[in-house]
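Bear in mind that the values here come from a model prediction, so they are computed numbers and not experimental data.
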Amino acid sequence: MSLDSTLDSGEEIRFLNKISGTIRQLVRQTHFTTRELEVVLLIYYKLLKEDDDNGGARFSARKGITRHQFTTVFDTVFGMTDNAMLRRVMTALDKGASSYVTMETWAKTMSLFLRGSFEEKMRYCFDVYDIQAEGMIRRDHMMLLLRSAFIKHVDEEVEEAVKDMVDIMLHKMDLDRDGAISFEDYRESVRRSPELLECFGQALPDRGHIYAFSRTFLERVRKF
């Protein structure tokens, strides 16, 4: 029985046979069953087919879907619409310089979003907020991250509100009082107060979008 009624069953089988080794590898690296991975990767394959630059239906292991396609999925499927935050999300998920997203990155991202452990999500969110990838979220980074959370009626008022918020976050999360939030500071703070996980902006889909995707495509739906 075809997993996707919009694909010819023969084409589907050929694709899955071609990537059977990758599937076996990714089962060990993700939180998906083999069947769920097949579904997730067939979605990737359909996106790949839509990209004319990748040669249409010809599967290319060397390239992948475009970053634009990837961020469109965040918007349309997961309700993540902040373009500035999405650029940081992409950097955290795919640290390479290529403009393409590999099948492996796609599968691991879906695993993180849909089934990731709290520890995995903490590490990922910190990487999103660690703008310079130096292991620290500094004051100026917090200013940049929090500005987009405010409606800009008057610039001076926005700056003051952001500064106040940064002071609050530093007081709450800078546990060693060195003027920046390290991963150790962040992890301990979030363990104490889980609501701080996305304290500097949305980096993960909300529960409604996760449930909708899981109910449609996956064998097991996580209860919230």
Undergrad: Taking all non-hydrogen atoms of both residues into account, name the closest pair between L47 and V73 and its distance.
TA: CD1-CG2, 3.9 Å

Undergrad: Checking side chain to side chain contact (heavy atoms under 4.5 Å, CB included) for the pair R192/E188: CA distance, chi angles, key distance, verdict?
TA: CA-CA 6 Å; R192 293 177 184 177; E188 182 60 28; 3.2 Å; yes

Undergrad: Which value, rounded to the nearest 0.5 Å, describes the distance between T66 atom OG1 and L48 atom CG?
TA: 10.0 Å

Undergrad: Would a 4.5 Å heavy-atom cut-off, applied to side chains only, mark M90 and T71 as touching?
TA: yes

Undergrad: Check the pair R67 / Y100 against side chain to side chain contact (heavy atoms under 4.5 Å, CB included), numbers first and verdict last.
TA: CA-CA 6 Å; R67 287 195 172 211; Y100 294 96; over 6 Å; no

Undergrad: Taking the side chain from T91 and the backbone from R87, do they hold a donor-acceptor pair closer than 3.5 Å?
TA: yes

Undergrad: Can you pull the salt bridge (charged side-chain N to carboxylate O under 4.0 Å, His left out) pairs that have at least one residue in residues 99-112, sequence neighbours excluded?
TA: none

Undergrad: Can you see which heavy atom on E11 is nearest to which on K49, and at what distance?
TA: OE2-NZ, 2.9 Å

Undergrad: Give a yes or no on whether L144 and M136 share a hydrophobic cluster (residues Ile, Leu, Val, Met, Phe, Trp, Tyr; joining criterion: side-chain heavy atoms under 4.5 Å apart).
TA: no

Undergrad: Under 4.5 Å between side-chain heavy atoms, counting indirect links through other Ile/Leu/Val/Met/Phe/Trp/Tyr residues: same cluster for L145 and V128 or not?
TA: yes

Undergrad: Going by salt bridge (charged side-chain N to carboxylate O under 4.0 Å, His left out), name the pairs with one or both residues in residues 172-181, residues two or more places apart or in two chains.
TA: none

Undergrad: Provide the full list of ring-ring contact (aromatic ring centres under 6.0 Å, His included) pairs with a residue in residues 161-181, sequence neighbours left out, each pair given once.
TA: none

Undergrad: Which residues pass the side chain to side chain contact (heavy atoms under 4.5 Å, CB included) test with T72, not counting sequence neighbours?
TA: H68, T76

Undergrad: Would you give me the side-chain donor-acceptor pairs under 3.5 Å for residues 161-169, sequence neighbours excluded?
TA:
from, atom 1, to, atom 2, distance (Å)
D167, OD1, R139, NH1, 3.0
D167, OD1, R139, NH2, 3.1

Undergrad: Do F200 and F118 share a hydrophobic cluster (ILVMFWY, side-chain heavy atoms under 4.5 Å, transitive)?
TA: yes

Undergrad: Between W106 (side chain only) and V40 (backbone N and O only), is there a donor and an acceptor less than 3.5 Å apart?
TA: yes

Undergrad: With a 4.5 Å heavy-atom cut-off, do E36 and H31 have their side chains touching?
TA: no

Undergrad: Roughly how far, to the nearest 0.5 Å, is CD1 of I210 from CG of L218?
TA: 11.0 Å

Undergrad: Just how far is it from atom CG of L26 to atom CZ of R24, taken to the nearest 0.5 Å?
TA: 11.5 Å

Undergrad: Could you pull out the closest heavy-atom pair between L146 and C199, with the gap in Å?
TA: CD2-O, 3.8 Å

Undergrad: How long is the gap from CD on E120 to CG on L112, to the nearest 0.5 Å?
TA: 6.5 Å

Undergrad: Looking only at heavy atoms, what is the nearest atom pair of D130 and G135, with distance?
TA: OD2-N, 2.7 Å

Undergrad: Please report the C-alpha distance between F78 and D206 in whole Å, then the side-chain angles of each, then the deciding distance to 0.1 Å, and finally whether the side chain to side chain contact (heavy atoms under 4.5 Å, CB included) criterion is met.
TA: CA-CA 7 Å; F78 293 124; D206 61 40; over 6 Å; no

Undergrad: Can you tell me if Y44 uses its side chain to pair, donor with acceptor, with the backbone of M103 under 3.5 Å?
TA: yes

Undergrad: Between Y124 and Y129, is the ring centre distance below 6.0 Å?
TA: no

Undergrad: Checking salt bridge (charged side-chain N to carboxylate O under 4.0 Å, His left out) for the pair R88/D127: CA distance, chi angles, key distance, verdict?
TA: CA-CA 9 Å; R88 290 187 279 273; D127 287 345; over 6 Å; no

Undergrad: Looking at CD1 of I137 and CE of M173, how far apart are the two atoms once the value is rounded to the nearest 0.5 Å?
TA: 6.5 Å

Undergrad: Is the shortest side-chain N to carboxylate O distance from E198 to K121 below 4.0 Å?
TA: no

Undergrad: Please report the closest heavy-atom contact between V27 and T33, naming both atoms and the distance.
TA: CG2-C, 4.5 Å

Undergrad: Please report the interatomic distance CD(Q29) to CG(L37), rounded to the nearest 0.5 Å.
TA: 10.0 Å

Undergrad: With clusters defined by side-chain heavy atoms of hydrophobic residues (ILVMFWY) lying less than 4.5 Å apart, directly or transitively, does M143 cluster with L196?
TA: yes

Undergrad: Quick one: does R191's side chain get under 4.5 Å of M122's, heavy atoms only?
TA: yes

Undergrad: Check side chain to side chain contact (heavy atoms under 4.5 Å, CB included) between F183 and all other residues, then give those that pass, not counting sequence neighbours.
TA: E119, R123, F126, Y186, R187

Undergrad: Using modelled atom types and a 3.5 Å cut-off, is there a donor and acceptor pairing between side-chain atoms of S214 and backbone atoms of Y211?
TA: no

Undergrad: So among D82, V89, T81, which one has a side-chain contact (heavy atoms from CB on, under 4.5 Å) with F74?
TA: V89

Undergrad: Quick one: do the E12 and Y45 side chains pair a donor with an acceptor below 3.5 Å?
TA: no

Undergrad: Is a side-chain donor or acceptor of Q202 paired with a backbone partner of L204 at a separation under 3.5 angstrom?
TA: yes

Undergrad: Taking a hydrophobic cluster as the set of Ile, Leu, Val, Met, Phe, Trp and Tyr residues connected by side-chain heavy atoms closer than 4.5 Å, whether directly or through intermediates, do V101 and F213 fall within one such cluster?
TA: yes

Undergrad: Looking only at heavy atoms, what is the nearest atom pair of A107 and L41, with distance?
TA: CB-CD2, 4.1 Å

